[in-house]
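Presented below is the structure to which this report refers.
Just the heavy atoms: all of them, side chains too, but no hydrogens, waters or symmetry mates, feed the values below. Residue numbering restarts at 1 for every chain, and letters A, B, ... go by the order of the sequence lines.
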Amino acid sequence: MKYIEEFRDPALAKTLARAIAAEVAPGRSYRFMEFCGGHTHAIARYGVEDLLPPAVEMIHGPGCPVCVLPVGRVDVAVALATQHDVILCTYADLMRVPGSKFDSLMKAKARGADIRMIYSVMDALRIAEENPGRQVVFFAIGFETTTPPTALALKQATAKGLRNFSVHCNHVLTPAAMRAILGDGEKVPLDGFVGPAHVSTVIGTQPYEEFTRDYAKPVVIAGFEPLDVMQAVLQLVRQVNDGRAEVENEYSRAVTPEGNTRAIALMDEVFDLRDSFEWRGLGEVPHSALKIADAYADFDAEKRFSVKTEPARENKACECGAILRGEKTPEDCGIFGDPCTPENPLGACMVSSEGACAAHWTYGRFREKKAVPA
Amino acid sequence: MSRTGRRALDLSRGQIDMSHGAGGRAMAQLIEELFFGAFDNPALNREHDAALLARPEGRIVMSTDSFVVSPLFFPGGDIGKLAVCGTVNDLAMGGGVPKYLTAGFILEEGFPLADLQRIVESMAKTAQEAGVAIVSGDTKVVEKGHGDGIYINTAGVGLVPEGIEIGGERARPGDVVLISGPVGDHGVAIMSKRENLSFGSEIESDCQPLADLVAAMLAAVPETRVLRDPTRGGLGATMNEIAQQSGVGIELDEAAIPLRREVKSACELLGLDPLYVANEGKLIAICPEDKAAALLSAMQAHPRGRDAAAIGRVLEDDRRFVRMVTGLGGTRMVDWMAGEQLPRIC
Ligand code: SF4
């Protein structure tokens with residue numbers, strides 16, 4: 001793994017930091033959103049903010065799969081696991097996400113529900129094969145990165161006739177969320193985007209053209225290493241200074257303009273676009289998520305199981321929405337740190353280490369002169 | 001079985017059954033053949049429930065710990081070695097020279113005697129290496145399904161030499177933080193075994209008794225203020241405990257923290273932060289700045305501290321924050337970890 005160190009080299013970081021500071025125009029400020037939680041995490045984990053001049057502000061976007069899953073969907077996951085005698089498989093990140101009334105999959109598991117944390121959807125398929133007498137549901141979340149493996153699992157389940165396997169699909173789409181953040185294009189306090197790394201390896205660079213064309217926002221796609229982020233910031237500053245809005249690809253070691261065409265074809269075959277989907281923080285966003293296509297309807301957990309949930313209740317004090325839109329920072333939330341902490345997350349942004357609140361609490365809060373809650 | 005004699009324990013195919021905990025002949029045989037043979041020492045062999053020991057001079061340290069681990073055998077150790085090292089190291093971190101241990105076993109019905117023998121022998125070997133005697137023990141058997149094969153509890157007593165004052169509340173601004181070797185080996189060894197991951201060469205647990213290293217350190221620098229073994233929760237949790245207890249801040253230098261390449265790669269792959277991964281054979285020491293060079297060379301001169309390094313310093317900070325200058329040159333907090341470390345998905 002030698003290559004990784006090259007993207008964390010302190011000497012290179014200093015050079016880049018100097019270059020960014022030199023490019024920043026006096027008297028102007030730059031607000032860039034890193035869409036992805038992976039970037040949010042890298043920025044916080046490596047202290048990248050310390051290497052950026054004060055004029056550059058990073059806004060943490062909604063690209064954290066568990067952060068944007070609405071409360072109602074968490075409730076459905078809990079209900080699936082508790083009301084039907086299924087084995088519910090999901091990624092570990094989701095376990096602690098609070099649903100209504102502070103319930104979570106972790107708590108449901110403690111109450112006896114059969115919930116398995118898995119690393120890959122293939123584990124869920126295996127569990128289904130090993131437990132022919134049980135219904136196994138994969139609760140699928142994530143952006144375009146985790147979608148192709150889910151599609152593959154659905155195809156394999158069909159090929160094997162694995163009748164006890166199904167998928168509860170909550171896959172969402174990056175460009176639709178970026179569109180929602182930009183809204184009607186008026187008065188959005190953003191000067192550009194650091195574009196996703198892994199997502200772009202799947203969808204390519206082309207889907208971002210609309211943001212440069214229709215919204216005049218530069219997009220620089222960047223890898224998840226801290227130097228990638230700094231390089232992207234430098235390119236964004238240059239674009240802003242030049243009055244340009246282009247899609248640039250800093251992550252050309254992995255991202256091509258057309259993306260992974262096989263993965264895209266696979267997704268097109270297995271999934272259909274939903275008319276609308278609710279995002280935590282962004283509300284209903286048109287054409288922003290996928291559902292299982294009719295040809296695979298037999299494996300759709302939404303069709304196979306009916307679950308009863310009460311109307312979802314979002315924590316009113318939580319400012320995740322405004323934070324995901326870049327309008328507020330975690331410190332603006334009245335319950336940040338007290339009582340909302342990663343041990344006791346009251347909102348979604350506090351759950352995953354990729355969430356804006358968790359990243360700031362875990363890595364960045366020493367910067368503020370706030371009193372530590374006991 | 002013959003009417004008169006009794007058959008020796010079948011150590012290759014035999015299993016624990018309820019009679020091994022019932023207080024009858026089977027239990028006596030198990031204790032005699034398996035435990036006494038391995039833990040041979042005068043205090044134990046009195047065959048009393050309580051060990052009779054001479055009264056020591058000065059202060060004693062005492063500690064107890066229970067051990068539950070899966071898998072029971074892992075690269076670099078097993079639950080038995082862990083159970084001895086755990087308590088020995090807790091005593092040593094109190095500044096004590098470990099003397100006596102007790103061992104309690106909770107065995108699950110059906111547990112293979114061969115595994116028990118391996119574990120007991122490993123405990124005996126480790127105890128000898130650590131210079132402690134296992135002077136009293138106990139076994140209980142639980143029904144199948146009521147345990148995880150074997151649980152072990154050890155408790156221990158050690159003697160604190162004159163003039164040694166070690167405590168988590170004693171760190172002072174300006175002090176230097178040292179570590180005895182690379183972080184994360186134990187946790188990653190266990191996790192890669194559990195997840196069946198391989199990373200080229202096998203990663204071994206660092207599980208080892210640290211009493212002799214501590215003795216060498218305290219002989220060189222009796223002014224040492226804090227000793228702590230960063231077990232569960234790793235370096236991150238240990239630093240926060242000390243900052244909390246001493247009412248200070250701590251700043252670590254990421255580039256100075258020893259970390260094996262394989263462990264680093266494994267952590268990248270699993271999405272774990274090596275700062276929070278458990279160690280079972282490393283210690284953190286904090287001492288006054290003017291003693292740091294002497295302490296570091298005493299550590300590096302010892303086989304168990306060969307890769308020791310100075311990794312940070314103690315600061316004045318009412319908020320008791322632990323922070324770290326990252327390898328990149330920025331600064332970030334090293335917070336308490338929330339819940340368990342869970343691998344990330346993307
Ligand atoms: S601190 Fe907690 S409640 Fe406040 S915005 Fe963040 S996640 Fe929501």
Rounding to 0.5 Å, atoms CE (B/M333) and NE2 (A/H360) come to a distance of 9.5 Å
Drop me the distance from A/R45's CZ to B/D273's CG, to the nearest 0.5 angstrom.
5.0 Å
Please report the interatomic distance OG1(B/T326) to CG(A/L51), rounded to the nearest 0.5 Å.
7.0 Å
Output the distance between atom CZ (A/F366) and atom OG1 (B/T331), rounded to the nearest 0.5 Å.
5.0 Å
Pairwise distance OG1(A/T362) to CZ(B/R332) - rounded to 0.5 angstrom
9.0 Å
Can you list the residues that meet the salt bridge (Lys or Arg N to Asp or Glu O under 4.0 Å) rule with B/D253, with sequence neighbours excluded?
none
Got more than 12 heavy atoms from elsewhere within 6.0 Å of CD, B/E316?
no
Which atoms form the tightest heavy-atom contact between B/L328 and A/P226, and what is the distance?
CD2-CB, 3.4 Å
Using a 6.0 Å cut-off, check whether atom CD of B/E169 has over 12 heavy atoms from anything other than its own residue.
yes
Listing request: all side chain to side chain donor-acceptor pair (under 3.5 Å) pairs with a residue in residues 306-315 of chain B, at least two apart in sequence or in separate chains.
B/E251-B/R313
